[in-house]
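What follows is a single structure, written as structure tokens, with notes after it.
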Amino acid sequence: MPVRVQTDDFDAGREIATLRGSDARIGAVATFIGTVRDINDGTPVTSMALEHYPGMTEKALMAIVEEARGRFSIMDALVIHRVGALRPTDQIVLVAVTSAHRGDAFDACRFIMDILKTRAPFWKKEVTPAGSRWVDARVADVDAEQRWSTDA
Amino acid sequence: MPVRVQTDDFDAGREIATLRGSDARIGAVATFIGTVRDINDGTPVTSMALEHYPGMTEKALMAIVEEARGRFSIMDALVIHRVGALRPTDQIVLVAVTSAHRGDAFDACRFIMDILKTRAPFWKKEVTPAGSRWVDARVADVDAEQRWSTDA
Amino acid sequence: MPDSRTAMPAVTTIRLVYLARLREAFGRSDEDLALMVPAPNVAAVLAVLRARGGIWAEELAAGRAVRVALNHTVAQADAPLRNGDEVALLPPVTGG
Amino acid sequence: MPDSRTAMPAVTTIRLVYLARLREAFGRSDEDLALMVPAPNVAAVLAVLRARGGIWAEELAAGRAVRVALNHTVAQADAPLRNGDEVALLPPVTGG
């Protein structure tokens, strides 16, 4: 299963090693890790709650991985997304992609992150000194997704 | 020291954790790992020797990291490149970049790899069933480097 | 057997799911909704909810960035609904 | 003290380093080279090496993709040389 939604933390090194296995066709592994920052939109963030839509989440992530497979020449891909209570410096998401060459690995990894940001049903609620607030969707994320439709 | 040249293998997970430290300004970590494939240009590869130019290598890698810092908004970067005898599935190179946002992390990581491929003084000599051969520079790598000069 | 063209429209019961900010705004995470319209679709559900007025009309007003998922896949307004379907209302996502 | 404009050119001794394929082609990894030209530069070194003929002329022919590093930094043909400089000849790199 190339996608996982979990409350537990993940060990990026171990996940990458498992994804690579002993496949000697792989020449490139591109990885992205998203982490919780202690500030957002200028406001200190003390913690956050990550909520998702069980049932849809895995399906949406699988669809994104399949779309990446169709667009890029990759061997394998892994997406892990955490939910629940998270604090600054905690890991949120891992995307790892293996390929023969680096171009496809980088492209597919970035593609998966860009599409995940606008399509996967996750929501962040931040706790700040002024109370808690749902995070607003970023215009930059919509722009990043658009990039892939105009490139196509 | 953000660059290292070594014969020993590296633990990507541990290196990423060290690079991140406890810096809560980091929201994105982009990582690339290059690995030895068991085939190149259609010929099976049983092993390879990676040679470099001691004295110049660290200097060249440092210059690439500094150029990335100047171009992209990043917190930190790490480059580890192995030399010596390597076999298929072995790790060759690690590039890891931390940033507040993923765009800069991805861009800087890819930039460092693209420039490393055409400017850092490393040479691969492959052992194949037909004997050993120095690997030819790839046109695709020169193209990848060019991309950054036209973008600038 | 009555002619289907003149029969009363059957009742279509769907499951509604509200996520994140919408769950808090509406004060509930889910509910069952009985639609008594012929050929019910996603647009019909939104019309019924908007007709409740107040926060419902406000949050689901045209132009608000609410996405609808039908049985866990994003669906358009004209997607037809069947008995037992799960229809979720999703505010803009902010994962990753 | 003689006028520097009419003096004999001083000898500039540099260290040459050959990497990878070039080291194997030339059968050596390094050597010292004494240049007896005024204002010696990278181009002068290449000219001296090409004048050796054979594999030297072949590998260093114009149009061959050989890069020169002066004291560990890539240098152009007009880069001036001083006593003790390290000049390395690099075939196209293939790391990463």
Side-chain angles (χ1 to χ4, degrees), chain A residues 3 5 32-37 40-41 48-64 79-84 86 91-95 109-126 132-142 144-145, chain C residues 13-33 41-43 45-46 49 54-96:
Chain A
V3 309
V5 178
F32 179 83
I33 300 168
T35 54
V36 182
R37 295 188 303 140
N40 191 21
D41 289 336
M48 67 163 59
L50 239 155
E51 171 176 330
H52 74 126
Y53 177 18
M56 177 170 175
T57 319
E58 282 86 352
K59 199 170 171 178
L61 294 176
M62 284 291 285
I64 295 168
V79 178
I80 301 176
H81 203 297
R82 293 178 70 192
V83 291
L86 297 173
Q91 301 187 115
I92 305 171
V93 61
L94 172 76
V95 175
C109 186
R110 189 163 192 165
F111 173 83
I112 291 171
M113 269 309 299
D114 283 351
I115 305 299
L116 181 157
K117 280 269 183 184
T118 53
R119 289 199 216 151
F122 294 101
W123 296 272
K124 288 177 185 145
K125 190 175 192 178
E126 295 173 341
S132 60
R133 62 177 185 189
W134 291 99
V135 173
D136 277 329
R138 292 175 68 223
V139 173
D141 290 333
V142 177
E145 184 196 16
Chain C
T13 302
I14 61 157
R15 182 95 185 144
L16 275 166
V17 176
Y18 308 114
L19 279 305
R21 193 176 51 73
L22 291 177
R23 185 190 65 246
E24 292 189 353
F26 298 153
R28 68 193 74 175
S29 60
D30 54 82
E31 66 178 302
D32 288 332
L33 185 73
N41 60 14
V42 165
V45 173
L46 293 175
L49 296 180
I55 189 72
W56 299 88
E58 190 182 312
E59 290 287 355
L60 303 176
R64 293 300 294 264
V66 173
R67 234 177 261 185
V68 177
L70 170 57
N71 298 327
H72 305 132
T73 301
V74 169
Q76 301 306 312
D78 59 357
L81 300 180
R82 285 181 301 191
N83 230 18
D85 278 346
E86 181 166 312
V87 175
L89 302 193
L90 288 58
V93 301
T94 55

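What you are looking at is a predicted structure, and each value in this text was computed from that prediction instead of being measured.
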Identify which of [options] forms the greatest number of heavy-atom pairs closer than 4.5 Å to chain C.
options                : value
A/I92, A/V142, A/V135  : A/V135
A/G34, A/A137, A/G55   : A/G55
A/R138, A/K125, A/M113 : A/K125

[X] side, atom [atom1]; [Y] side, atom [atom2] - distance, nearest 0.5 Å:
X      : Y      : atom1 : atom2 : answer
A/E58  : A/Y53  : CD    : OH    : 12.0 Å
C/Y18  : C/R28  : OH    : CZ    : 6.0 Å
A/K124 : A/E51  : NZ    : CD    : 13.5 Å
A/I115 : A/D141 : CD1   : CG    : 10.5 Å
C/L81  : C/N41  : CG    : CG    : 6.5 Å
A/I80  : A/I33  : CD1   : CD1   : 10.0 Å

Quick check on [X] against chain C: is it the side chain, the backbone, both or neither that has a heavy atom closer than 4.5 Å?
X      : result
A/R82  : neither
A/A60  : neither
A/D136 : backbone
A/K59  : side chain

How are the rings of A/F122 and A/H52 set to each other: parallel, tilted or perpendicular (split at 30° and 60°)?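 Judged by the thresholds at 30° and 60°, the geometry between A/F122 and A/H52 is parallel.
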So [Y] and [X], do their side chains get closer than 4.5 Å, heavy atoms only?
X     : Y      : answer
C/E24 : A/W134 : yes
A/V79 : A/I64  : no
A/H81 : A/T57  : no

Taking 4.5 Å as the heavy-atom cut-off, does anything in residues 86-96 of chain C contact chain A, and if so which residues?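 From residues 86-96 of chain C, the residues near chain A are C/E86, C/A88, C/L90, C/P91, C/P92, C/V93, C/T94, C/G95, C/G96.
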Sort by residue number and list every residue of residues 59-71 of chain C having at least one heavy atom under 4.5 Å from chain A.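 Those residues of residues 59-71 of chain C which have a heavy atom under 4.5 Å from chain A are C/R67, C/A69, C/N71.
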Check for a donor-acceptor pair, side chain of C/D85 on one end and backbone N or O of C/R82 on the other, with a separation under 3.5 Å.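 Yes, C/D85 side chain to C/R82 backbone: donor-acceptor pair under 3.5 Å.
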Are any side-chain N or O atoms of A/D114 and backbone N or O atoms of A/E145, one a donor and one an acceptor, separated by less than 3.5 Å?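 A pair under 3.5 Å: no.
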